[in-house]
Amino acid sequence: MRPVPELPEVETVRQGLAKWVTGRRITSVEVHHPRAVRRHLPGAEHFAAVLAGRTVVDVCRRGKYLWLPLDSGDAIIGHLGMSGQLLVQPPDAPDETHLRVRFRFADGGSELRFVDQRTFGGLAYSEGGAELPAEIAHIARDPMDPLFSDPDFVAGLRRKRSEVKRALLDQTLISGVGNIYADEALWRSRLHGLRPTDALTKPAATRLLAHVRDVLGEALVAGGTSFDALYVDVNGESGYFDRSLNAYGREGEPCHRCGAPIRREPFMNRSSYSCPRCQPRPRRGISPGTRSGG
DNA sequence: CGCGCCTCCTGTGTGC
DNA sequence: TGCACACAGGAGGCGC
């Protein structure tokens, strides 16, 4: 089973694309499904037309977003959503079942294909977005970014009137974290995801951030396979998912720390996994708001 | 403006 | 065998 891409998976894709697509000139773009470019308001035809003739000069990432700066100063924005893949395939490779967008290049070599079963992902064109597309400027830096500010994160987290897991999934506070790594970091921190953010001490928030960084870093190393193969994929065979998960997806299995069976709870129309003993539910929810006094 | 809920989407697995 | 439904969940949009 392919994991839903979070920071480590997207970074793996970024590195693969950087190797195989940088410096190549696009000659044609085929949009096979309009939903794949729904964020591009001028439409699929415009998307294809404006990209023809452009050269990809780099591949960058902000959280779970990718963007490909172009020689024109513009950029292609990409998000993999839940099931998206950016594949580099030989031109004669058969079309994938869920092929949504195909890029052909002037060198006649491999194609870039956006494949996405559930179509939560998509591509867009960002005018003038080579440096950082305005469309994703609201996304925070990720904790592996050298310019990520730990004190700002700790302060921002504790200023929120919310729950800690919600805050980890809020890409405007910290980016790159999804449901899986949020649960893993919370397990390591011995925190239940419903813990109120404004009741976290600075040391507790700092420890949580360290665990988030560790979890992402370990997954990055595990997923950092070689790119010798002419095939870029968000790959579920990294081994991280086979051996290293302590909470996510382990309902009923013994906690690796205390042996208690891991529990699954509904959360935001999905699931949260935690240890009932190491991560007790908070006795109270978030404190009543006191902001309105203003 | 901050926060939280709803919705988009389709293949897979499960229970009756 | 077939149908109904739960489930996977990122993030934009919107209501309060």
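As the structure is a prediction and not an experimental result, all values here were calculated from the model. So you know, we letter chains A, B, ... as the sequences are listed, proteins then strands, and number each from 1.
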Distance, rounded to the nearest Å, where [X] contributes [atom1] and [N] contributes [atom2]:
{"X": "A:Arg159", "N": "B:dG2", "atom1": "CZ", "atom2": "C1'", "answer": "12 Å"}
{"X": "A:His138", "N": "C:dG10", "atom1": "NE2", "atom2": "P", "answer": "14 Å"}
{"X": "A:Ile180", "N": "C:dC7", "atom1": "CD1", "atom2": "P", "answer": "17 Å"}
{"X": "A:Arg39", "N": "C:dG10", "atom1": "CZ", "atom2": "P", "answer": "15 Å"}
{"X": "A:Asp116", "N": "C:dG10", "atom1": "CG", "atom2": "C1'", "answer": "11 Å"}
{"X": "A:Leu66", "N": "C:dG10", "atom1": "CG", "atom2": "P", "answer": "16 Å"}
{"X": "A:Ile136", "N": "C:dG12", "atom1": "CD1", "atom2": "P", "answer": "10 Å"}
{"X": "A:Arg264", "N": "C:dC7", "atom1": "CZ", "atom2": "C1'", "answer": "8 Å"}

Can you tell me if [X] touches the phosphate of [N], counting only side-chain N or O atoms and a distance under 4.0 Å to OP1 or OP2?
{"X": "A:Lys160", "N": "B:dC3", "answer": "yes"}
{"X": "A:Tyr181", "N": "C:dG10", "answer": "no"}
{"X": "A:Ser162", "N": "B:dG4", "answer": "yes"}

Are the side chain of A:Ser271 and the backbone of A:Pro266 linked by a donor-acceptor contact shorter than 3.5 Å?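 Not at all, since once roles are kept as given, no pair shorter than 3.5 Å links the two residues.
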Measure from the side-chain N and O atoms of A:Glu163 to the backbone N and O of A:Gly193, and report whether any donor-acceptor pair falls under 3.5 Å.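 No, the answer is negative, given that no donor and acceptor are paired below the 3.5 Å cut-off.
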If you check the A:Val4 side chain, which of C:dG12, C:dG10, C:dC7 turns out closest? C:dG10
Nearest to the side chain of A:Tyr248, heavy atoms from C-beta on, is which of C:dA8, C:dG13, C:dG10?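 When the side chain of A:Tyr248 is considered, C:dA8 is the closest of C:dA8, C:dG13, C:dG10.
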Contact check, side chains of A:Phe105 and A:Val21, non-hydrogen atoms, under 4.5 Å: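 The answer is yes, as the side chains (C-beta and beyond) meet within the 4.5 Å cut-off.
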Under the side chain to side chain donor-acceptor pair (under 3.5 Å) criterion, do A:Thr27 and A:Arg104 qualify, and how do the steps go? CA-CA 6 Å; A:Thr27 50; A:Arg104 290 192 173 91; over 6 Å; no
Under the criterion side chain to side chain donor-acceptor pair (under 3.5 Å), I'd like the reasoning laid out for A:Ser189 against A:Arg207: C-alpha separation, chi angles, the key distance, then a yes or no. CA-CA 7 Å; A:Ser189 303; A:Arg207 284 194 299 271; over 6 Å; no
Please tabulate, one pair per line, each protein N/O and nucleotide N/O from nucleotides 5-10 of chain B that are separated by under 3.5 Å, including the distance.
from, atom 1, to, atom 2, distance (Å)
B:dC5, OP2, A:Arg166, NH2, 2.7

So what does A:Phe267 touch, heavy atoms closer than 4.0 Å: a base, only the sugar-phosphate, or nothing? nothing
For the helix from B:dG2-C:dC16 to B:dC16-C:dG2, figure out the bend between the end axes, five pairs an end, and round to 10 degrees. 50°
Taking side-chain hydrogen bond (donor to acceptor under 3.5 Å, both in side chains) as the definition, give me every residue that meets it alongside A:His40, ordered by chain and number, with sequence neighbours left out. A:His46
Do any N or O atoms of the protein come closer than 3.5 Å to N or O atoms of nucleotides 14-16 of chain C, and which pairs are they?
none

Working for side chain to side chain donor-acceptor pair (under 3.5 Å), residues A:Arg263 and A:Ser274: CA-CA 6 Å; A:Arg263 71 182 156 201; A:Ser274 60; 2.8 Å; yes
Validate the cation-pi geometry between A:Arg100 and A:Phe114: distance from NZ or CZ to the six-membered ring centre under 6.0 Å, angle to the ring axis within 45°. no
Running the 4.5 Å side-chain criterion over Ile, Leu, Val, Met, Phe, Trp and Tyr, what cluster does A:Ile77 land in, apart from itself? A:Tyr65, A:Trp67, A:Leu132, A:Ile136, A:Ile139
A:Tyr125 vs A:Phe47, ring pair (Phe, Tyr, Trp, His ring centres under 6.0 Å): CA-CA, chis, key distance, verdict: CA-CA 7 Å; A:Tyr125 169 80; A:Phe47 178 82; 7.5 Å; no
Consider only side-chain N and O atoms of A:His98 and A:Asp116, and report whether a donor and an acceptor are under 3.5 Å apart.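 The answer is no; no qualifying pair exists.
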Can you list the residues that meet the ring-ring contact (aromatic ring centres under 6.0 Å, His included) rule with A:His32, with sequence neighbours excluded? none
